[in-house]
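Accompanying notes for the structure given below.
Each chain gets a letter, A, B and so on, in the order the sequences are listed, and its residues count up from 1. Just so it is clear, the values below take in all heavy atoms, side chains as well, and ignore hydrogens, waters and symmetry mates.
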Number of protein chains: 2
Amino acid sequence: MDKDISQAVISRLPRYLRYLGELKDKNVERISSSELSVLMKVTASQIRQDLNNFGGFGQQGYGYNVDYLYSEISKILGLEHQYNFIIIGAGNLGKALGGYLNFEKRGFILKGMFDKNPDLIGTQVRGVKVMPMEELPEFVRSGNIDIAVLTIPKEGAVLVAKILVDNGIRAIWNFAHVDLDVPEYVQVENVHLSDSLMKLSYNISSYNENHKE
Amino acid sequence: MDKDISQAVISRLPRYLRYLGELKDKNVERISSSELSVLMKVTASQIRQDLNNFGGFGQQGYGYNVDYLYSEISKILGLEHQYNFIIIGAGNLGKALGGYLNFEKRGFILKGMFDKNPDLIGTQVRGVKVMPMEELPEFVRSGNIDIAVLTIPKEGAVLVAKILVDNGIRAIWNFAHVDLDVPEYVQVENVHLSDSLMKLSYNISSYNENHKE
DNA sequence: AAAATATTGTCAATGATTTGGCAATATATG
DNA sequence: CATATATTGCCAAATCATTGACAATATTTT
């Protein structure tokens, strides 16, 4: 159905949702693409074009109903589902993600954490216990876990990803600094923090290059 | 000089660097764009085109020298500099970033952490003390801080960004879930984790949509 | 209820990015 | 050292993404 929507469009949807959420909070009932374009600093044409990939949510002469558009974009993004997730790697990053309450509000439910460090095993994050890695395969196989979050160093990540896939995981949110090689039916979203920092570094240097006399 | 290189190209450079680093570690001396394209699962044409934005680093009939190309991309990304950075928000995410040793290897030196929570003030991350927010303006103004990392909730982020800018910061690595409005001379790199999670959610739903009978 | 105004959805034009192809030129081979 | 082979740098073509324009159609005003 909505097979070939480009990732460029998908990447913009969460930002639309964020702005619409703020408008909802301010009890704004309707908004036109041109008003929204000013707020978001994009072209009105892009907003209309993006939304049109999924069907017409607006009305001529009126604009878009904020609540309706918000809920439609939520649906498109799959946020009406609940997702059970586990975190592998209970270091600071894992704990940060596990403790982030807004994820739960969106329907992402933390079901378990895993680590190989004996000092961490048995500790808790928001009532969820950190388990030893040995229990991971069984946990993934029997529980209905939708997403595995990988917050371990790159050295172990490839092997852990294999274990996850072998036990039936269908989605990985990967913070390890390595590209995972998984079957096509497994969705992977990478967050490569050091890549992001390097881009910042580039932009700093490049700005400085272009602005010295 | 290298003024108008597209961000699409810049975004790929850290990944090239990562693969070249792995080749260096394996003592591979030279590589052709087509060999690298197989490893990285991109087209050889894209690799050559990307590198050509910055000048010719290869040699016909030979390919690219791994060490040389690695160091040239490092230079392009500004990684031969040292950057002093501070972290605002000493929660788990701030601690995770502050404790990440690889950043230091790349020349990113943690100079201070700040938080408004009295329980955290005085605690340490890798020998760096968490200071109260009151000390932030003076610290930014007098120290030579190149990058501020924002790991605080969105509510406070806009104000803190203003304080940072007013005191002379030139670059912000923003993890707060809000768009910062800063002067054009301030470089901002956003890491919106929940946007990333929503993209994963979309890809899960969309895969399921397209594969049910 | 007619006229004026607002605003979408969509098409066409433009702009940007990616890919394919190949001349030029290096290395490797016999 | 001449010939075969490899591979870049670059150009042109193809693809993809963004923007601008406007008919169609709703809302708002008088």
inquiry  = Going by ring-ring contact (aromatic ring centres under 6.0 Å, His included), name the residues that satisfy it together with B:Phe103, two or more places apart in sequence or in a different chain.
reply    = B:Tyr100, B:Trp173

request  = May I ask you to check whether A:His177 and A:Asp195 show a side-chain donor-acceptor distance below 3.5 Å?
outcome  = yes

inquiry  = Is it true that A:Tyr70 and A:Asn65 share a donor-acceptor pair across their side chains at a distance under 3.5 Å?
reply    = no

Side-chain donor-acceptor pair present, B:Glu184, A:Tyr207, cut-off under 3.5 Å = yes

note = A correct 5'-to-3' footprint of nucleotides 10-20 of chain C, with B, S and - meaning base, sugar-phosphate only and no protein heavy atom under 4.0 Å, is BBB----SBBB

message = So, using side-chain hydrogen bond (donor to acceptor under 3.5 Å, both in side chains) as the criterion, who are the partners of A:Ser34 when residues are at least two apart?
response = A:Ser32

inquiry  = Looking only at the side chains, is there a donor atom on one of A:Ser201 and B:His81 sitting less than 3.5 Å from an acceptor on the other?
reply    = no

task = Provide the full list of salt bridge (Lys or Arg N to Asp or Glu O under 4.0 Å) pairs with a residue in residues 85-110 of chain B, sequence neighbours left out, each pair given once.
result = B:Glu104-B:Arg126

task = Measure the spacing between CD of A:Glu138 and CG of A:Leu136 and express it to the nearest 0.5 Å.
result = 10.5 Å

key: Span of DNA chain D, from the first to the last nucleotide whose atoms fall under 4.0 Å of chain A heavy atoms   = D:dA17 to D:dT28

ask   = Nearest 0.5 Å, what's the CD1-CD1 distance between B:Ile147 and B:Ile169?
value = 8.5 Å

task = List in numerical order all residues of residues 18-38 of chain B for which some heavy atom is under 4.0 Å away from an atom belonging to DNA chain C.
result = B:Arg30

message = Could you tell me how far apart B:Tyr64 (OH) and C:dA26 (P) are, to the nearest whole angstrom?
response = 15 Å

is_close_aromatic(B:Phe108, B:Tyr83), centroid dist under 6.0 Å = yes

